[in-house]
Number of protein chains: 2
Amino acid sequence: MTAPLRRVTQRDIARMAGVSQATVSLVLNNRTDAEVRIAPETRDRVLRVIAETGYAADPVARRLASRFNRIIGVFTYEPAFPSGSRDFFHPFLLGIEEYAERVGCDLLLFTSAPVVDGRRRIFHQDNRLRLADGCILLGREIDGAELQRLNGDGYPYVAVGRRNDAGGPVPYVGADYASAVSRLVEAALRHGHRRLTYVGMGMTAESSQDRRQGFDAAATTAESARQVSTAPGAADATLDDLLADGSTAAFVEDFATAVALAAAARRRGLTVPGDLSIVTLGDPTVPVPTDIVFTGFRIPREEMGRQSVEVLTGVIDGSAGGLQQRLLPCELVEGSTLGTPDPAVDRR
Amino acid sequence: MTAPLRRVTQRDIARMAGVSQATVSLVLNNRTDAEVRIAPETRDRVLRVIAETGYAADPVARRLASRFNRIIGVFTYEPAFPSGSRDFFHPFLLGIEEYAERVGCDLLLFTSAPVVDGRRRIFHQDNRLRLADGCILLGREIDGAELQRLNGDGYPYVAVGRRNDAGGPVPYVGADYASAVSRLVEAALRHGHRRLTYVGMGMTAESSQDRRQGFDAAATTAESARQVSTAPGAADATLDDLLADGSTAAFVEDFATAVALAAAARRRGLTVPGDLSIVTLGDPTVPVPTDIVFTGFRIPREEMGRQSVEVLTGVIDGSAGGLQQRLLPCELVEGSTLGTPDPAVDRR
DNA sequence: TCGCCGCGCTAATACGTATTAGCATCTATG
DNA sequence: CATAGATGCTAATACGTATTAGCGCGGCGA
């Protein structure tokens, strides 16, 4: 066994090269300012010793002395990850990783954050946020109080997904749900649908607000446009409700609900989209097997991940000017579940 | 805008509580040794100020001063990730994350490591390994020279997957491919197969060595047991070769190759497993659509991830005794592609 | 000869925490 | 009343790097 060998430090290098520790640091950082001059032969000598010893600067000390780490924190807000939820977040992480690699940053996943009252907390006993230069916040719902605290502390961060102000504007990279939903509503109206229903999950998250707002904004010319709430497993009741209302198109917030609704309709001998059009408003958050291609839209998750890193690095080094809020467009999916309503019956 | 506000430090807390910085540190770390005593009322006063200010110790300074970080590094060795390869690695990461969460560690992904000559390098200009207390190495092939350097530096690490010695034994958590392949060979022999072929990819990785070794060890009683190499897209040539040899069972290293081989057999009107049994030796490394359930085994990837963290934490704090090398058993998959060879023909 | 300036480097200090030796102060004991 | 021991805290230092003020030296002009 080798002895518990001490790290090679700049002092060691300095001694070997016959210079001071400061000189080593200057050479290492390639400082060539007018203020600082190192003779080429000295520089070479130091570099040679560095190469021989395989010395590498301790990033921790570096971070303590200077300001930056080149570490980007990733805080995943979802409580105790059901494995399906992970699949939903994975694309964000891919994008984040890709861009982090491009700008030469490492990624710190705050897996140590404890879960209190069913949700992870950023701020707790042994808060480790400052390990990173800044942080990306990922999660369906983010605690406004914590955002406020981040703003107050002046800690650089960016949320993935639009967020309401919290003691100041929140930097984010979100998806433009409102306009995507609006475009789907307009498509339904062009198909001749007159009675529309938004089937939500009773969520208060901004992502949900935006979808509902997009629905309302575009549905003004419909004969009827209403919003209802459903729950997992209540597909049959929801279907009853749609039929009773005479709705011909359902705009379903949750992908799994859409699948269940389509299955319920089939069981009753109804056709989709003939008897009922079903539009989905986003990618599955849990894996749901289905062979139907639903009409709806796709959340640009990888791109959101990439751009969140881009925005964050701007916030960190202050190069970003004012407000850092971006909404990316969602790509519509031409599926088979939005069609012309069957004129033969008025099921009311 | 708030001014670029300075971080709250222990000195600030100390001033507010009317004690010294050292006292704050002692209170914070709950030091109650016989050597160190703090009056309960002092302790309370300090704790109250800490709570009021929301102070959190700077982990960087902490790391510099003491020895540990509670950060576990993850180095993914594969070059420039094809997205399919990511799917293969994802389960490992899930396991790693799960266990890291349990022991209260954060995870640092070394995304900044540069790719040189088509592979990522641990050691380079601005090596950041020391940000973490230790590191998990992930990848099909790992550079022996780098392992050697890690061993030489005394840096705590663990490889996922068995590794040959590199200037000393390498700590790892691997899958017991050899025994899994042996059991499959034995099953084939029990089914009456006498001529077996191992279809490899010509790889030198340890994972490949182990499989071949397991094959050879169990196939001694076969009439013929040989190894051939194939390549992506060469399924037809490989099938020709198998038929010419009179092999009735193919043990296929790469999942995608197995799928291609089965498809080629079908195209020629051969049945699987009637005319040819096909056994797969591990999970797909790239996503391959197939509706066949292949006989083979499953790599316990999540468990490998979990246990690698467990081993690493042991190596870091020195609590682990001697050699840290684990091989986990692979679960056999009872598929439909291994059967009794059709006795009607001898296709040689 | 003196003063000045540019060059090449170093000494000193800061970053924020953990640790340890040791200084007062108080209590118990003979 | 002197002394020993326990108690509660602090001063000093270390960790490894980055930064900056400034020192010594040689050359050059006056």
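Chain identifiers are assigned alphabetically (A, B, ...) following the order of the sequence lines, protein sequences preceding nucleic acid strands; residue numbering begins at 1 within each chain.
At least one donor-acceptor pair closer than 3.5 Å links the side chain of B:R70 to the backbone N or O of B:G104. In this structure, the side chain of B:D58 engages the main chain of B:V60 through a donor-acceptor pair within 3.5 Å.
Closest to the A:S20 side chain, of the nucleotides C:dA11, D:dT19, C:dA18, is C:dA11. Nearest to the side chain of A:A22, among D:dT10, D:dT17, C:dA12, sits C:dA12. The side chain of A:R37 lies closest to C:dG8, out of D:dG16, C:dG8, C:dT17. In this structure, of D:dG16, C:dG16, D:dA18, it is D:dG16 that holds the atom nearest to the side chain of A:D58. When each of D:dT19, C:dC15, C:dC9 is scored by its nearest atom to the side-chain atoms of A:I38, the top-ranked nucleotide is C:dC9. Ranking D:dT17, C:dT17, C:dT20 by closeness to the A:A61 side chain, first place goes to D:dT17.
Taking atom CG of A:L26 as the reference point, atom P of C:dC7 lies 16 Å away to the nearest angstrom. C:dG16 atom P lies 12 Å from atom CZ of B:R15, rounded to whole Å. A straight line from CG of A:D33 to P of C:dG6 spans 17 Å, rounded to a whole angstrom. Separating the CD atom of B:E35 from the P atom of D:dC9 is a distance of 16 Å, rounded to the nearest angstrom. Distance A:I50 CD1 to D:dT17 P: 10 Å, rounded to the nearest Å. For the pair B:R128 CZ and D:dG16 P, the interatomic distance rounds to 18 Å; values are reported in whole Å. Here the C1' atom of nucleotide C:dA18 and the CD atom of B:Q10 are 8 Å apart, to the nearest Å. Here C:dG16 presents its P atom at 9 Å from CG of B:D12, a figure rounded to the nearest Å.
At the phosphate of C:dG16, neither OP1 nor OP2 sits under 4.0 Å from any side-chain N or O atom of B:T9. Between A:R11 and the phosphate of D:dG16, there is no side-chain N or O to OP1/OP2 separation shorter than 4.0 Å. Phosphate contact (OP1/OP2 of C:dG16, side-chain N/O of B:Y55, threshold under 4.0 Å): absent.
Contacts of A:V19 with the nucleic acid, taken as non-hydrogen atoms under 4.0 Å apart, involve only primed sugar atoms and P, OP1 or OP2. Among the protein residues, B:R31 comes within range of the sugar-phosphate backbone only, with heavy atoms under 4.0 Å from sugar or phosphate atoms but none that close to a base. Backbone-only engagement by A:A39 is indicated by non-hydrogen atom pairs under 4.0 Å involving sugar-phosphate atoms exclusively.
Annotation: of the two residues near DNA chain D, A:T23 and B:S66, the 5′-most nearest-nucleotide partner is B:S66. Closest-nucleotide positions on DNA chain D for A:L64 and A:V36 were compared, and the one nearer the 5' end corresponds to A:L64.
Remark: B:E302 pairs with B:P91, B:L94, B:E98, B:R306 by the side chain to side chain contact (heavy atoms under 4.5 Å, CB included) rule, at least two apart or across chains.
Atom OH in B:Y172 sits 13.0 Å away from atom CD1 in B:I142 (nearest 0.5 Å).
Classified by interplanar angle (parallel below 30°, tilted 30° to 60°, perpendicular above 60°), the ring pair B:F75/B:F110 is tilted.
A donor N or O paired with an acceptor N or O is found under 3.5 Å between the base of C:dA18 and the side-chain atoms of B:Q21.
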Trace of the salt bridge (Lys or Arg N to Asp or Glu O under 4.0 Å) decision for A:R163 with A:E206:
CA-CA 6 Å; A:R163 304 295 158 181; A:E206 286 88 344; 3.6 Å; yes
Audit row: A:I72, A:L108, side chain to side chain contact (heavy atoms under 4.5 Å, CB included) steps and yes/no:
CA-CA 6 Å; A:I72 290 179; A:L108 186 66; over 6 Å; no
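Residues B:N151 and B:Y157 have side chains that bring a donor and an acceptor to within less than 3.5 angstrom of each other.
Helix bend of the helix from C:dT1-D:dA30 to C:dG30-D:dC1: the angle between its two end axes, each built from five pairs, comes to 70° after rounding to 10°.
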